[in-house]
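Atoms considered below: every heavy atom in the structure, side chains included; atoms not considered: hydrogens, waters and symmetry mates.
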Amino acid sequence: MISQLSWKIGGQQGEGVESTDRIFSTALNRLGYYLYGYRHFSSRIKGGHTNNKIRISTKPIRAISDDLDILVAFDQETIDLNAHELRQGGVIVADAKFNPVVPEGVEARLFAVPITAIAEELGTSLMKNMVASGASWALLGLPLEVFNKAVEEEFGRKGPAVVEKNVEAVRRGADFVLEQAGGPLGDFQLEPADGEQKLFMIGNDAMALGALAAGCRIMAAYPITPASEIMEYLIKQLPKFGGTVVQTEDEIAAVTMSIGSNYAGVRSMTASAGPGLSLMMEAIGLAGMTETPLVIVNTQRGGPSTGLPTKQEQSDVNAMIYGTHGEIPKIVIAPSSIEECFYDMVEAFNLAERYQCPVIVLTDLQLSLGKQSCEPLDYERIVIDRGNLVTNVPPSEDNVLFKRYEFVEGGVSPRVLPGEKGGLHHVTGVEHDETGRPSESAINRKKMMDKRLHKLDNLQVTNAIRVDAPHEDADLLIVGMGSTGGTIDQARVQLEQDGIKTNHVTVRQIYPFPTAQFKAYADRAKQIVVLENNATGQLANQIKLNVGVGDKVRNLTKYDGTPFLPSEVYKQSKELV
């Protein structure tokens with residue numbers, strides 16, 4: 001028996017690949033397996049090759065696998081594009097309709113199943129995804145009743161007749177391939193899972209849930225890949241808690257509406273991707289100047305311009321740090337796991353109100369859309385911190401405006417909500433005095449700039465860096481951000497087996513850079529390998545700028561739209577030693 005296995009399904013977009021993957025992985029999750037998914041899809045609504053890959057394991061995993069055990073193909077293009085990933089002796093389950101052919105040089109067992117024909121016998125070719133699922137599930141020797149339960153959950157709302165038809169499609173697919181193979185494949189039998197229920201979600205859903213738990217009650221956003229699922233989740237959930245989602249006409253309206261809602265006292269957010277964030281930059285400056293809390297999620301994708309909207313990239317680091325004109329305090333944090341997506345959203349709202357500034361939560365497409373197993377969330381950890389919010393303004397003389405931007409130690413001025421008795425003040429995007437009145441005084445300008453810029457001097461972010469550093473004198477310190485952490489950890493296992501001592505740091509606080517924390521581990525390494533999905537080494541440049549270890553830093557970049565594979569990290573890191 002084996003402890004892990006990799007399964008992929010591919011075809012044309014709109015052909016049922018996504019629903020097949022969803023039901024297949026849901027059934028595996030019910031059995032208690034750990035899962036890590038990667039979704040390769042076209043930027044078209046229908047058509048264009050798409051595939052979903054799932055890694056299945058009896059132990060926690062946070063990376064896609066290098067190879068592939070089972071490929072389910074709805075067309076020859078899927079085989080041609082993906083068969084090279086199959087390990088020796090791997091399996092292809094393909095629709096007999098297109099006369100599948102195994103490419104030269106690929107040693108794989110082919111099972112040509114009349115997937116479409118069986119589905120059409122049952123009434124519609126739309127059920128071919130269930131036939132294919134049943135066939136591949138049966139080869140693994142897993143209990144069919146668990147899969148049928150997932151089918152019932154998927155189609156139950158359409159009535160018992162539809163459920164029955166789909167269950168029959170699963171059974172026929174299973175029966176056909178088992179007869180062809182002579183039973184389940186012995187070398188593809190997974191060890192039993194622990195049976196414990198795990199959460200199984202994408203990062204976007206975790207961030208949306210985190211925002212809800214943090215007390216967010218308004219989201220203003222414009223749909224964009226790969227951020228739309230955050231809005232879609234909250235559209236369903238926020239009204240249950242007295243909140244709402246507003247789909248605005250564009251990203252400029254979305255961010256300014258979020259600023260206005262936060263000013264009024266309602267925790268509010270927006271979410272977008274690179275092109276949308278470009279449109280928001282002026283308004284982010286407004287939030288900085290008016291010291292209004294603001295939470296923004298940026299789900300990075302391939303750029304510039306429209307770029308590769310459905311592909312992996314981490315190239316917005318510089319834009320998030322330097323994008324606004326002028327100089328404002330700003331916090332940029334980057335979760336690296338599903339759990340962190342949840343907890344970091346809670347912290348983002350607290351940071352935004354504690355320091356009265358914009359907070360950008362920076363993810364990437366793989367973390368945002370890759371579905372993964374997740375340990376149960378601990379709601380007891382949630383603490384709401386609204387910062388220096390004044391609810392009872394001390395009485396003062398008549399006509400004296402509240403000093404909303406008062407020069408105070410630490411720089412975080414008292415904040416009042418509109419309508420608070422005694423809290424009357426001005427709000428403007430131009431430079432202003434302590435009461436918000438416009439001011440062009442040079443003395444006032446410098447004091448205001450100093451006040452705003454120095455209020456992050458004592459910034460505290462939970463786990464600004466995540467560290468696994470067993471060695472005092474590491475050969476390599478491998479550094480990453482976002483979704484790369486699990487890939488690095490898997491590569492390190494091989495490096496350590498080769499006698500190469502490695503430490504690992506995931507940078508979670510991108511800006512202001514956690515210089516002191518990072519330097520403690522940089523000083524202990526002979527070389528520093530910085531792993532990132534961009535062409536110019538944006539994270540590496542931040543390390544050089546803030547830590548001053550440029551002679552040690554080596555870039556490991558990938559910008560072809562796909563995530564790093566563990567083997568790539570292993571091979572390229574080893575070459576540097």
Side-chain angles (χ1 to χ4, degrees), residues 1-2 4-11 15-37 51-58 69-74 91-95 111 113-116 118-119 121-181 183-186 188-201 371 373:
M1 301 188 84
I2 56 178
Q4 67 173 5
L5 179 141
S6 198
W7 177 91
K8 178 184 278 191
I9 182 167
E15 203 171 18
V17 171
E18 183 67 23
S19 60
T20 308
D21 169 86
R22 183 169 59 248
I23 298 171
F24 196 87
S25 56
T26 297
L28 288 164
N29 184 58
R30 294 285 186 272
L31 290 171
Y33 287 102
Y34 290 93
L35 307 170
Y36 188 95
N51 64 67
N52 286 22
K53 188 175 184 180
I54 306 172
R55 188 177 181 187
I56 311 152
S57 177
T58 56
D69 294 286
I70 296 177
L71 175 63
V72 180
F74 286 147
V91 167
I92 299 174
V93 177
D95 194 341
F111 295 97
V113 181
I115 293 172
T116 299
I118 292 174
E121 286 177 15
L122 292 170
T124 173
S125 63
L126 293 175
M127 287 190 291
K128 68 180 186 178
N129 55 351
M130 291 298 96
V131 179
S133 298
S136 56
W137 186 268
L139 289 175
L140 299 179
L142 295 170
L144 208 58
E145 60 270 17
V146 176
F147 194 89
N148 289 338
K149 181 64 176 176
V151 171
E152 184 179 339
E153 291 176 7
E154 177 76 13
F155 298 107
R157 67 186 184 281
K158 295 183 179 181
V162 173
V163 171
E164 186 177 335
K165 285 279 188 181
N166 279 278
V167 168
E168 177 65 11
V170 170
R171 186 189 65 77
R172 290 202 190 182
D175 288 348
F176 187 94
V177 80
L178 288 176
E179 183 177 350
Q180 203 176 49
L185 301 177
F188 283 79
Q189 304 304 292
L190 281 164
E191 294 174 0
D194 59 21
E196 294 182 8
Q197 195 65 55
K198 302 169 183 66
L199 296 176
F200 184 52
M201 66 175 81
K371 206 166 187 180
S373 296

(request) For the pair Ser6 (side chain) and Arg55 (backbone), establish whether a donor and an acceptor sit closer than 3.5 Å, ignoring hydrogens and angles. (result) no

(message) If you compare all heavy atoms of Thr26 against all heavy atoms of Ala150, which two are closest, and at what distance to 0.1 Å?
(response) CG2-CB, 4.2 Å

(message) If you define the side chain from C-beta out and look only at heavy atoms, does anything of Ile2 sit under 4.5 Å from Leu190?
(response) yes

(request) Could you check if a side-chain atom of Leu31 sits within less than 4.5 angstrom of a side-chain atom of Pro143, using non-hydrogen atoms only? (result) yes

(request) Flag the pair Val151 / Ile23 as yes when at least one side-chain heavy-atom distance between them is below 4.5 Å, and no otherwise. (result) yes

(message) Just to verify, which of Phe147, Tyr33, Trp7, Tyr34 counts as forming a side chain to side chain contact (heavy atoms under 4.5 Å, CB included) with Leu28?
(response) Tyr33

(request) Answer yes or no: are there more than 12 heavy-atom neighbours, outside Glu153 itself, under 6.0 Å from its atom CD? (result) yes

(request) Answer whether the closest heavy-atom distance between the side chains of Leu139 and Phe111 falls below 4.5 Å. (result) yes

(request) Using atom types as modelled and distance alone, determine if a side-chain donor or acceptor of Trp137 lies under 3.5 Å from a backbone N or O of Leu142. (result) yes

(request) Check step by step if side-chain contact (heavy atoms from CB on, under 4.5 Å) holds for Glu152 and Val167. (result) CA-CA 8 Å; Glu152 184 179 339; Val167 168; 5.9 Å; no

(request) Check for a donor-acceptor pair, side chain of Asn166 on one end and backbone N or O of Val162 on the other, with a separation under 3.5 Å. (result) yes

(request) State, with a plain yes or no, whether a side-chain heavy atom of Pro184 is found less than 4.5 Å away from one of Leu140. (result) no

(message) A side-chain contact here means heavy atoms from C-beta on lying under 4.5 Å apart; do Glu145 and Lys149 qualify?
(response) no

(request) For residues Met130 and Phe155, determine if any side-chain heavy atom of one lies less than 4.5 Å from a side-chain heavy atom of the other. (result) yes

(message) Any heavy-atom pair between the side chains of Val72 and Thr20 that's under 4.5 Å?
(response) no

(request) Report the residues that fulfil side chain to side chain donor-acceptor pair (under 3.5 Å) with Glu168, sequence neighbours left out, ordered by chain and then residue number. (result) Arg171, Arg172

(message) Could you report the tightest heavy-atom contact between Ser25 and Ile54, atom names first, then the distance?
(response) CB-CD1, 3.6 Å

(message) Looking at Gln197, I'd like to know if its CD atom is crowded, meaning that more than 12 non-hydrogen atoms belonging to other residues, nucleotides or ligands lie closer than 6.0 Å.
(response) yes

(message) Please find the pair of heavy atoms, one from Gly10 and one from Val17, that lie closest to each other, and give the distance.
(response) C-CG2, 3.9 Å

(request) May I ask you to decide if Leu122's main-chain N or O and Lys165's side chain share a donor-acceptor pair within less than 3.5 Å? (result) yes

